[in-house]
Amino acid sequence: AVRGYQYMFAGTGWTPESFKPKHHICATSVSQMFMNATNLNIDLHEHLTALGVELNFSFASSFSEMLYGSAITGIGTVDTQKASSLGHIFRNAPALKNIRLLILKNDGSQVFNTQSFQDCLSLENIVIEGIIGHTINFQWSPLSKASIESVVTALSTTSTGETATFKKNAVEAAFTMDEWNALVAAKPNWTITLA
């Protein structure tokens, strides 16, 4: 059944031992779904796959602070195509290292905000499918080279006045100056900054 899961697994009571859903999860709202689940230090995708349970985001239209303050280290496919705003989607998920696939709309209409990835201090791996049409900020995240390339590749070729921000030392560790200049030159309509 498709239903709302707002705050469903929030709080310190959830542990890897107690978090054992028996049915597939098809959610219309996942806002604050795992908020402050500080004892749930799992890769959500691996954990649920081992249980034979699928977490389906394709019905969800609300994603705000989904993993806020949680100890979750990884997530599988996050299909956000039903959502118009992705503000605060991964805000304050300091343990999150892997977002296996973030599916966006193909028209670039979804709005991120400067806090969408705020305090994602461990985020190294993200693959993006679809188009980023609005300002996005990864200044907190030590993204891998492949992840940075995935983000830049997804930037809309028609948006104007928008900014993509990356963590300076992550870019410097991953790219030569020539590689970086060639990558950003492919999106001349974006302001791409390092912080």
Side-chain angles (χ1 to χ4, degrees), residues 4-12 27-38 40-41 44 55 57 60-105 107-144 147-148 150-156 159-171 184 187 190-195:
Y5 277 82
Q6 190 163 8
Y7 294 108
M8 182 65 74
F9 305 111
T12 57
T28 55
S29 170
V30 293
S31 293
Q32 295 94 22
M33 186 177 185
F34 294 97
M35 189 173 204
N36 296 326
T38 52
L40 199 55
N41 54 332
L44 203 51
L55 177 50
F57 291 103
S61 59
S62 174
F63 286 87
S64 185
E65 299 179 333
M66 177 171 63
L67 304 177
Y68 189 96
S70 79
I72 288 170
T73 60
I75 198 164
T77 298
V78 183
D79 184 339
T80 69
Q81 293 178 91
K82 290 263 192 305
S84 58
S85 169
L86 298 174
H88 304 285
I89 179 171
F90 294 110
R91 182 175 174 211
N92 191 22
L96 185 65
K97 183 178 179 181
N98 299 307
I99 300 170
R100 281 171 181 75
L101 181 62
L102 179 63
I103 303 176
L104 305 174
K105 293 180 180 179
D107 62 4
S109 64
Q110 290 165 298
V111 179
F112 289 93
N113 65 24
T114 53
Q115 289 91 34
S116 294
F117 293 89
Q118 182 176 326
D119 295 323
C120 284
L121 305 177
S122 305
L123 185 61
E124 293 179 18
N125 305 305
I126 183 171
V127 176
I128 294 181
E129 182 181 296
I131 301 295
I132 299 168
H134 294 273
T135 291
I136 193 163
N137 186 353
F138 288 99
Q139 75 179 66
W140 300 272
S141 304
L143 295 179
S144 68
S147 297
I148 294 168
S150 181
V151 172
V152 174
T153 299
L155 297 177
S156 166
S159 293
T160 56
E162 304 294 343
T163 303
T165 304
F166 297 96
K167 189 177 178 81
K168 187 171 189 278
N169 60 6
V171 168
V184 299
K187 304 290 172 156
W190 280 78
T191 300
I192 298 180
T193 63
L194 304 181

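Note that the numbering runs from 1 along the sequence shown for the chain.
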Can you list, pair by pair, the side-chain donor-acceptor contacts under 3.5 Å of residues 111-118, counting residues two or more places apart and other chains?
residue	atom	partner	partner atom	Å
Asn113	OD1	Gln115	N	2.8
Asn113	OD1	Ser116	N	3.0
Asn113	OD1	Ser116	OG	3.4
Asn113	ND2	His88	NE2	3.4
Ser116	OG	Leu86	O	3.0
Ser116	OG	Asn113	N	2.9
Ser116	OG	Asn113	O	3.1

Within a strict 4.5 Å, meaning less than it, do heavy atoms of the [X] and [Y] side chains meet?
| X | Y | answer |
| --- | --- | --- |
| Leu40 | Ser70 | no |
| Ile148 | Val171 | yes |
| Ile136 | Phe166 | no |
| Val152 | Lys187 | yes |
| Thr77 | Phe57 | no |
| Thr80 | Ile89 | yes |
| Leu123 | Leu143 | yes |
| Ile75 | Arg100 | no |

Partners of Lys105 by salt bridge (charged side-chain N to carboxylate O under 4.0 Å, His left out), sequence neighbours excluded?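 For Lys105 there are no salt bridge (charged side-chain N to carboxylate O under 4.0 Å, His left out) partners, ignoring immediate neighbours.
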[X]: partners by side chain to side chain donor-acceptor pair (under 3.5 Å), with sequence neighbours left out:
| X | value |
| --- | --- |
| Ser31 | Ser62 |
| Thr165 | Thr193 |
| Thr135 | Glu162 |
| Asn137 | Gln139 |

Nearest 0.5 Å, what's the [atom1]-[atom2] distance between [X] and [Y]?
| X | Y | atom1 | atom2 | result |
| --- | --- | --- | --- | --- |
| Ile72 | Met33 | CD1 | CE | 8.5 Å |
| Leu104 | Ile131 | CG | CD1 | 8.5 Å |
| Glu124 | Ser141 | CD | OG | 10.0 Å |
| Asp79 | Leu101 | CG | CG | 8.5 Å |
| Tyr7 | Asn36 | OH | CG | 9.5 Å |

Could you name each residue pair satisfying salt bridge (Lys or Arg N to Asp or Glu O under 4.0 Å) that touches residues 61-74, not counting sequence neighbours?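 Sorted pair list: Glu65-Arg91.
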Per ring pair (Phe, Tyr, Trp, His ring centres under 6.0 Å), Phe34 is matched among Phe9, Phe90, Tyr5 by Phe9
Any donor-acceptor pair under 3.5 Å from [X] side chain to [Y] backbone:
| X | Y | value |
| --- | --- | --- |
| Asn92 | Pro94 | no |
| Ser150 | Ile128 | yes |
| Trp190 | Ser159 | no |

Considering residues at least two apart in sequence or located in another chain, which fulfil the side chain to side chain contact (heavy atoms under 4.5 Å, CB included) criterion with [X]?
| X | value |
| --- | --- |
| Ser144 | Asn125, Ala146, Ser147 |
| Thr38 | Thr12 |
| Ala95 | Thr73 |
| Val184 | Trp180, Ile192 |

Show the nearest heavy-atom pair for residues Ala10 and Gln32, with the distance to one decimal.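 Nearest heavy atoms, Ala10 then Gln32: CB-O, 3.8 Å.
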Notebook entry, point to check: Where do Ser61 and Ala83 come nearest, in terms of heavy atoms and distance?
Noted result: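 Taking Ser61 first and Ala83 second, the nearest heavy atoms are O-CB, 3.5 Å.
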Residues, nucleotides or ligands: over 12 heavy atoms within 6.0 Å of Lys167 NZ: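 Counting other residues, nucleotides and ligands, NZ of Lys167 exceeds 12 neighbours.
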If the condition is ring-ring contact (aromatic ring centres under 6.0 Å, His included), which residues does Tyr68 pass it with, not counting sequence neighbours?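 Tyr68 satisfies ring-ring contact (aromatic ring centres under 6.0 Å, His included) with no residue once adjacent residues are dropped.
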| request: Start with the C-alpha gap between Val127 and Ile99, add the side-chain angles, then the distance that decides, and say whether side-chain contact (heavy atoms from CB on, under 4.5 Å) holds. | output: CA-CA 7 Å; Val127 176; Ile99 300 170; over 6 Å; no
**OP:** Check the pair Leu96, Leu67 against side-chain contact (heavy atoms from CB on, under 4.5 Å), reporting the backbone distance first and the verdict last.
**Re:** CA-CA 9 Å; Leu96 185 65; Leu67 304 177; 3.9 Å; yes
